[in-house]
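Labels below follow one simple rule: chain letters A, B, ... track the order of the sequence lines, proteins then strands, and each chain is numbered from 1. Values below: every heavy atom of this structure, side chains too, minus hydrogens, waters and symmetry copies.
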Amino acid sequence: MRFTRHRRLMAPVVVAAALGLTLTACTGDIASDEASDVDCGPYESYGTFDDGTEVDVYGTILDAEAELLNESWADFESCTGIDVVYEGSDQYEEQLNVRIEGGNPPDLGITPQPGLIARLAEQGDLLPAPQAVADNVAEYWSEDWAAYGTVDGTLYGSPLMANIKGWVWYSPAMFEENGWAVPETLDDLEALTAEVRDSGAVDKPWCVGFASGVATGWPGTDWVEDFVLRQQGTEVYDQWVAHEIPFNDPAIAEAFDSVGGFIRDDANVNGGLGDMRSIATTDFGDAGLPIIDGACAMHHQASFYEGFWPEGTTVAEDGDVWAFMLPGTEAGANAVTGGGEIVAAFSDAEEVVAVQTYLSSPDWANSRVSLGGVISANTGLDPENAGSELLKASVELLQDPNTTFRFDGSDVMPAAVGSGTFWTGMVDWIGGKSTADTLDFIESSWPQ
Amino acid sequence: MTTNDLLGKIFQIVLGLAVFAAVIGLILFLIDRAPKRGRDWFQLALFLGPACVLLAVGLLYPAVRTAFTSFTNRAGEFIGIDNYVWMFTQPEALITLGNTVLWVVLVPTVATGIGLAYAVFIDKSRGERVYKSLVFMPVAISFVGAGIIWKFVYEYRPAERPQIGLLNQIVIWFGGEPVLWLQEPFVNTLLLVVVMIWVQTGFAVVVLSASIKGVPTEQLEAAELDGATNWQRFRNVTLPGIRGGLVVVVTTITIATLKVFDIVRVMTGGNFNTSVIANEMYTQAFRAAEPGRGAALALVLFLLVVPVVVYNIRVLRKQREIR
Amino acid sequence: MSSTTGSTGSADRTDRDVSKQLDAAARDRYNLDGSKAARVKRRLTSRTATVFALLIAVVWTLPTFGLLISSFRPADLINTTGWWTVFENWGWTLDNYSEVLLSASATAPQLGSYFVNSLAITIPVVVFATVLAAMAAYALAWIKFPFSDWVFVIIFALQIVPLQMALIPLLQIFTTTLKPTQEWLHEVIPIIPDETYVQVWIAHTIFGLPLAIFLLHNFISEIPRELMEAARVDGANHGQIFLRVVVPLSVPILASFAIFQFLWVWNDLLVALVFSGGTADVAPLTQRLAELAGSRGQSWQRLTAAAFVSLVVPLIVFFSLQRYFVRGLLAGSTKG
C-alpha cells in the first residue's frame, strides 16, 4: 500500500530498488529517503511527527477519486511524518453513525452534507474547529461557505472540495446546426425546449435520469433546488431549507410545476431512453449520453458530469459537448447551487489538527485541484490549476464576488427528508403523483 | 501486501485457531473430570456456556435494547407508542406491510415447493451432482450480487433500441412491447420475490435432498411391493420421512425472507411501492437517523416471526414425547 | 435418564463397544447395505419430471450465465446489445477483469491482500461457529434440564434480531474491552498487528450461532435414542458421547452447515464494514468490490466482473465439499 503511494514520487530508475525494499517491507526507510526530494518548506509550520503517527480519515470519496486524494497529501505526509489513512465508503452516512455510537469514530470525517454536520454537532459528537482551521476558513472562504460548517455560531468544519450544480449540458455542434441559441432566461429555455421539440431534429429535447442506487431521486432534487433558487429567490430558498416555510408552500409548488413543465411531459423527455417513466430507472451517469448519439439536446447535471462522458469526448465550447448555466428569470442572474464536503474532527490530537489545518489551506486546494477532476471554493485557489475549461469556468463562478452560492438544499435538510422522503418524493412525482400530494407527503415526514 | 504482512496474517489465523482449540480442549477435559456432585449441571454449563455467553452479549442484549429504543425518540426520551403510531399512520405503511406478508408467504412456499420437487426428481438420477450444483449456485452469491444479476435481467431499453435485459427481449420475441418492469406496480414486487426464491431454492434442494436420502430404503421397497404408485410412495413414505428437513427449510427461509433488505435496496431502493419492513427499518435507523422508528419496525418483524417460533415449539414438544 | 452410572476408567472399551453397536444399529435401521440400496434404483422420475428438472436447471442458471458472458464483453457492447446476440455482435475482452483485479491504487493495493483477508476471516469463523453450535445443540437435545425447551426457543428466536440492531452495542463492547487488549498485545508481540481479525471473528461467530444451533439441533436430536442409550449403559459420559457418537454421526450436517456459514461470511459486507476498519489490513474482498462497483453509478462491465471474482471461491468450496450433501444423514457411521 505504501509502495504504490510513494512510487509516484520516485524516478523510474529506482523502481527496481523500490521493489526490493517493498519485499522487505522497509516502508519507513522509503519515506525518509523521499523527504529529500520534496521541498518541505511549505509544510514546516505543521511540525514533524514520529514515524507511524496515523490520522484516520473517513469519507464518501471512492476509487480513482480516493487515489487522487491520497496523492494530494503525499508531500505533506513525507514532510510531516504523519500517515494519513483514508477510508472511503458508499455507506458513509450510515457507518459514521454506527462508529460514533460504537465509540470508535475516525479522526476526521469528510462529510458532504451540512445537515449531517449540524446533527452531529448538536449531538455533541463533533469537536469545534481548532483556531488554525478557523483562521484559514475566515481568510479563504466566503461567508456562504463558512456558514455550512457552522452550527449555532460555532465553526465545526472547513469546506474541502466543491462542485457546481445547474449546468445544462448540450452539443455545441447540434445547437449551431439547428440554429438554436443558448438561453438567457428561464422563459428562453422554455421557448428553446418547444423549438427543439417541434424541430424534430432530436428524439426529445431533454434526457433525464434519477436513478442512483439507494440514493435514487437526488438528480430530481437538484432540478427543484435550482428552480426554487432562481425563481423564488434566495430568501425563499433559505426559508425552505431551514423549514421556516413548510415544504408544501405555494412557492415550492410553483417551482415543482415549472420543473414539471420541462420534464414531466412525454413530449419533452426522455430522449433516446423511453418515456417520462423511464426517468426513474435511468441511471444518472448514463442519462446525458444520448446527447452524443443526437437523441436528445439537453441534460441538467452538476460539473462533475464532465467525468461521465465516454473517453475521447472533448468538453469545450467548440468541442463535442459543453454546458451552459441554467438561466435565471432575468438575464444575468447570478445565483447558483452546488455541493461540497465539510471536514470535521472527532479528535483534537496534534497530528489531527495538523491535517485538518492543511486541508483547509490554499496549499491543499491547489495541490488537489491541479491533479484534475474537481474544484474548490477556496479563494486562494489559482483558477489556472483547474483541470479543464468547464472546471475553470466553475472556479471563476465560485470566486466571483457577485455570485450568490447556495448549498444543495437536500444536503442541508435533515436526513429524514434530504436523503429520504425528498428523494422518494421525486421518484413518485416523476411517476405521475400530483405536485400537491408529493409536497404534502414530504412535509409530513419533516422531523419535529 | 508484503511477505511480512502475509506471514503476520497467517500467524494470526493459526494463533486464533490454536487458542480456540485449547479452549475447547480444556472444556472437554473439564467435562471428563466433572465432579460427581452436580455433574450434569456442570457438564451442561460447559457445553452450553460458551455459546450462551456469546449470544447474550451479541444478540440478546441488543434485542432488549432495541425493544427499549422503540419507545424513545431521536434524543432518547421516552415517547410511549408514538413510533408505532407513526408506523401505521404513514401513507405507505400498509403497502409495506402487505409486501412483507406477500414475501413471507410466497418465498418459503414456492422455494420449498420447487426445491422439493427438484430434489425428488433428480434423486439418484444421472448427473444429480451437476443438477444440484446448478441450482445451488445462487446460494453462493450474495444478496447484493443477486440483485445486480436480476436487475440486469429486468433492464429496460426503449422499443426502438436493442434490449439488453433478457426479460424484455423475451417479451419482444413473443411480440410484446418492452416494459419498465421495476416500475410496474405489483408486478415489480413479484419480480423481487422471484430473486429471493431464486436464491433460496438451492438451500431447500440441498437440505431436502440429504433428507430424502435418509428415508429408509426398505420402506420404499415395501411400499413398492404393495403396488403403491410413485405419488403414493412419495406421499406416504418419503414425505413423512423428510418432515424434519421440511420444517427446517421452511423456518430458515421464512426468517431469512423477513430479514432481507439488500435485494430491495439494490433493485428499487424501496421505491415504486416495493418496500418491505426490513428495508424501512434500515432506512429509518441508519439513513434517516431515527433509531426509535427503526427499532419499532424491528419489533414488528419480530412479531411476524412469532407464529414460526410457536410452530417450531410444537414440533419440538411432539418430538420430545415420541422419544 | 440423566444420571450415567459406571466408571469412566474404561473409556477404551466403551469406545469400541459403542462404535460396534452403532454400526449394527445403523445398518439395522437404515439398511445401508450398498447392494440393496442399488436395487431400488427405479425411482420417482418420469418424463415430466425430467423436463421439469431440466427447465428449473436452465432457468436457475440463465441469469448467471448471461452475467458471465457479459463480464467478458466490452463496456459499449454490454450497454447496447443483449448478451444473447454475442454471435452477431462479436467482441471479447479481459479488460473488465483486469480493471477489477489489478487496479492498484493508493487506498487499495492489489486485490490479493483482500483475498487473503476474506480467507482469514472466513475459515476461523466457520470452525468457531460450527464447534460451539454443535456443543450447544448437543446439550439442548440430549442433556435434560429444566427449561431446556425455552432456552432453545430463545436461541432460535434470536435469529430474527436484525444484525443492524446488534452492531452498535457490540461495537461499544469491543471498543471498551477488546481494543485496549489488542493494542497491548501489539506492544508485547509486535508481529501481531494492532488491527486484527478478532473483532470480525467474534461478531460473525455470534451472528452465525442461532441458525447453526437450530439446524444442528434438528439433526442431532434425531440421532436414534438407542445409540445414545447404548453408549450410556457402557458408562460413557456426555463428553465421550459427544465426541465418539454425536460428532462422527453428524459429519454430513456439520459439513453442510460449515458450507453455508462459509458462504454467508464470505458474502457478508455489513459486518465487515463495521468491524474491519476498512483498511487493507483486515477488510475482506466484498468491501473492496463494493467500492469498485459503487463508485461510478451502474457500470455493468465492472459489476459483472466483480460478481464473478467473488463467486469463484464459494463455488470451489461447494464443489469440493458437495459429497457430504449427497451422502445420507447417517453416512458418517459407515465410512468403512
Hey, could you give me the CD1/CE distance between B:Ile81 and B:Met87, rounded to the nearest 0.5 Å? 10.0 Å

What part of A:Val417 lies closer than 4.5 angstrom to a heavy atom of chain B: side chain, backbone, both or neither? neither

Quick one: do A:Glu94 and A:Arg99 make a salt bridge, cutoff under 4.0 Å? no

Go through B:Arg265, B:Gln183, B:Glu290, B:Gln284 and name the one with the most non-hydrogen pairs under 4.5 angstrom from chain A. B:Gln183

Most heavy-atom pairs under 4.5 Å with chain B, out of A:Ser419, A:Gly272, A:Gly217, belong to A:Gly272

With a 4.5 angstrom heavy-atom cut-off, is it the side chain or the backbone of A:Glu122 that approaches chain B, or both, or neither? neither

Let me see the working for B:Thr274 and B:Thr268 under side-chain hydrogen bond (donor to acceptor under 3.5 Å, both in side chains), right down to the final yes or no. CA-CA 7 Å; B:Thr274 57; B:Thr268 63; 2.6 Å; yes

Return yes if a side-chain donor-acceptor contact under 3.5 Å exists between A:Ser212 and A:Trp218, otherwise no. yes

Region of A:Asn270 in contact with chain B, defined by heavy-atom distances below 4.5 Å: neither

Could you tell me if B:Tyr156 and A:Ser278 have a donor-acceptor pair between their side chains, going purely by distance under 3.5 Å? no

